[in-house]
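Written below as structure tokens is the structure these notes are about.
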Amino acid sequence: MKRYSYLFLAALALNSCQNDDNNTIYNDFGGMYKITSMQSENPLDLNNDGIQSFDLYEEIAAPVYSSKNTSDQEAIPFYHFDEWSNYAEVRPAFHDQSDYPLLLLKLPLQEISNEGSDTPFLTFYGHDLSDYEYTLTDNSRVDLKLVTPSAVRLGVVERLERMDKDNFVVSMTARFFDFSTRKWIYTPITVTYKRVTDSSSL
């Protein structure tokens with residue numbers, strides 16, 4: 001009788017291990033991604049040319065004017081989405097990184113000043129420093145946990161959805177300075193990312 005009990009317990013343990021293996025989700029998310037689209041629900045003027053747009057990608061990529069009088073000044077490019085330093089990183093993105101699921105979105109963040117001037121002006125674009133632990137699910141949604149809430153400046157990501165293996169979309173409410181109104185505006189935005197490399201190729 002004891003022999004059958006041992007066999008039953010062994011079979012139960014083996015079945016439990018197999019179920020754990022079946023529930024394991026392979027992490028194919030890691031890699032570097034670039035922003036290919038940024039859309040806002042509200043039109044904004046981010047490059048100070050006096051024209052508001054829903055297309056924040058074009059607003060940020062466009063050269064920036066120091067004032068709304070665009071006819072007698074040269075616009076200066078501030079941000080390039082195709083630069084490696086502006087790519088999002090989904091860790092582990094490289095073979096030498098620890099197996100820790102961390103997401104750095106590298107969203108462009110305006111640095112605005114009015115020092116020495118009567119009107120606000122853009123000094124440079126930095127990056128929002130919010131980072132997230134991520135958990136892959138058995139559907140297209142990725143669960144996120146904000147690592148350092150005190151680092152939030154642009155806004156908190158509300159949803160991340162994978163479109164396929166190499167593309168994902170972020171939904172959030174973000175804070176931007178609108179040069180048309182000279183006010184900080186909170187607006188829902190949708191940001192699309194495309195993979196540029198992954199850990200398997202490095």
Side-chain angles (χ1 to χ4, degrees), residues 27-41 44 46-47 53-64 76-113 122-136 140-177 184-202:
N27 187 357
D28 61 349
F29 193 29
M32 304 294 290
Y33 294 77
K34 72 174 181 178
I35 295 173
T36 58
S37 171
M38 286 183 71
Q39 295 292 323
S40 169
E41 287 190 13
L44 299 171
L46 303 186
N47 70 327
S53 173
F54 295 97
D55 189 342
L56 299 189
Y57 184 99
E58 290 299 327
E59 286 288 323
I60 293 170
V64 178
I76 302 171
F78 270 77
Y79 199 84
H80 302 281
F81 285 99
D82 288 326
E83 286 186 358
W84 181 266
S85 59
N86 294 329
Y87 291 166
E89 184 177 349
V90 182
R91 297 182 181 176
F94 308 103
H95 287 308
D96 59 353
Q97 288 181 333
S98 60
D99 189 14
Y100 178 70
L102 189 67
L103 174 67
L104 297 84
L105 290 171
K106 302 275 190 79
L107 287 159
L109 178 74
Q110 295 164 302
E111 295 292 348
I112 303 294
S113 175
L122 179 71
T123 57
F124 65 93
Y125 273 104
H127 289 135
D128 180 65
L129 298 178
S130 306
D131 49 9
Y132 297 83
E133 293 180 27
Y134 68 87
T135 303
L136 301 181
S140 60
R141 180 161 182 170
V142 178
D143 292 334
L144 301 177
K145 178 184 177 184
L146 187 61
V147 175
T148 312
S150 60
V152 173
R153 293 184 62 194
L154 187 68
V156 177
V157 173
E158 295 145 7
R159 187 178 183 89
L160 190 152
E161 195 88 18
R162 296 186 75 185
M163 301 164 63
D164 53 41
K165 180 179 178 293
D166 296 320
N167 298 271
F168 67 88
V169 177
V170 164
S171 301
M172 65 184 296
T173 299
R175 178 177 178 263
F176 292 100
F177 187 82
W184 288 97
I185 305 293
Y186 285 90
T187 180
I189 66 170
T190 302
V191 188
T192 304
Y193 289 82
K194 180 179 178 62
R195 186 192 299 272
V196 290
T197 187
D198 60 33
S199 55
S200 63
S201 62
L202 299 168

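- In terms of heavy-atom proximity, R195 sits nearest to K165 at NH2-O, 2.8 Å.
- Within the 4.5 Å cutoff, the side chain of I35 has heavy atoms near those of the L107 side chain.
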Assess whether side-chain contact (heavy atoms from CB on, under 4.5 Å) is satisfied between E41 and T190, documenting all intermediate values. CA-CA 9 Å; E41 287 190 13; T190 302; over 6 Å; no

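- Considering only heavy atoms from C-beta on, E89 comes within 4.5 Å of F94 through its side chain.
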Working for side-chain hydrogen bond (donor to acceptor under 3.5 Å, both in side chains), residues S113 and T123: CA-CA 7 Å; S113 175; T123 57; over 6 Å; no

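- The six-membered or imidazole ring of Y193 lies away from that of Y33, with a centre-to-centre distance of 6.0 Å or more.
- The CG atom of L44 sits 11.0 Å away from the CZ atom of F177 when rounded to the nearest 0.5 Å.
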Apply side-chain contact (heavy atoms from CB on, under 4.5 Å) to the pair W184 and Q110, showing each step before the final yes or no. CA-CA 11 Å; W184 288 97; Q110 295 164 302; 3.9 Å; yes

CA sep, side-chain torsions, deciding dist, call: R162, D28, salt bridge (charged side-chain N to carboxylate O under 4.0 Å, His left out): CA-CA 11 Å; R162 296 186 75 185; D28 61 349; 2.8 Å; yes

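- Using a 4.5 Å heavy-atom cutoff, the side chains of P92 and N27 are in contact.
- Annotation: side chain of L129 is not in contact with side chain of R153 (no heavy-atom distance under 4.5 Å).
- In this structure, CD1 in I189 is found 7.5 Å from OG1 in T187, a value given to the nearest 0.5 Å.
- Side-chain contact between V142 and L103: absent, with no pair of heavy atoms (C-beta onward) separated by less than 4.5 Å.
- Between Y125 and P108 the shortest heavy-atom distance is CD2-CB, 4.0 Å.
- Here the closest non-hydrogen pair linking S37 and Y57 is N-CD1, 3.9 Å.
- E59 places a side-chain N or O within donor-acceptor distance of the main-chain N or O of L46, the cut-off being under 3.5 Å.
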Could you please spell out the steps behind the side-chain contact (heavy atoms from CB on, under 4.5 Å) verdict for V170 and R159? CA-CA 6 Å; V170 164; R159 187 178 183 89; over 6 Å; no

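- Looking only at distances, no side-chain donor or acceptor of N86 sits under 3.5 Å from a matching main-chain atom of K34.
- One distance of note links CD of E161 with CG of N167; it measures 13.0 Å at 0.5 Å rounding.
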Between I112 and L122, does the side-chain contact (heavy atoms from CB on, under 4.5 Å) criterion hold? Intermediate values first, please. CA-CA 5 Å; I112 303 294; L122 179 71; 3.9 Å; yes

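- V156 has its side chain out of reach of M172: every pair of non-hydrogen atoms, C-beta onward, lies at least 4.5 Å apart.
- In this structure, CG in L109 is found 9.5 Å from CD1 in I60, a value given to the nearest 0.5 Å.
- Side-chain contact between Y87 and K106: absent, with no pair of heavy atoms (C-beta onward) separated by less than 4.5 Å.
- Within the model, atoms CG of L105 and NE2 of H127 stand 11.0 Å from one another, a figure rounded to the nearest 0.5 Å.
- Between the CE atom of M32 and the CZ atom of R91 there is a distance of 9.0 Å, given to the nearest 0.5 Å.
- Shown here for P149 and V147, the closest heavy-atom pair between the two residues is CD-O, 3.6 Å.
- Put simply, the side chain of Y132 gets close to the backbone of V157: a donor and an acceptor are under 3.5 Å apart.
- Residues D128 and A151 approach most closely at OD1-O, 4.3 Å, considering heavy atoms.
- For the pair S130 and G155, the tightest heavy-atom approach, listed with the atom from each and the gap, is OG-O, 4.3 Å.
- Of the possible polar contacts, none joining the D166 side chain to the K194 backbone as a donor-acceptor pair under 3.5 Å is found.
- Between F81 and M38, some side-chain heavy-atom pair lies under the 4.5 Å cut-off.
- In the displayed structure, D164 atom CG is contacted under 6.0 Å by more than 12 heavy atoms of other residues, nucleotides or ligands.
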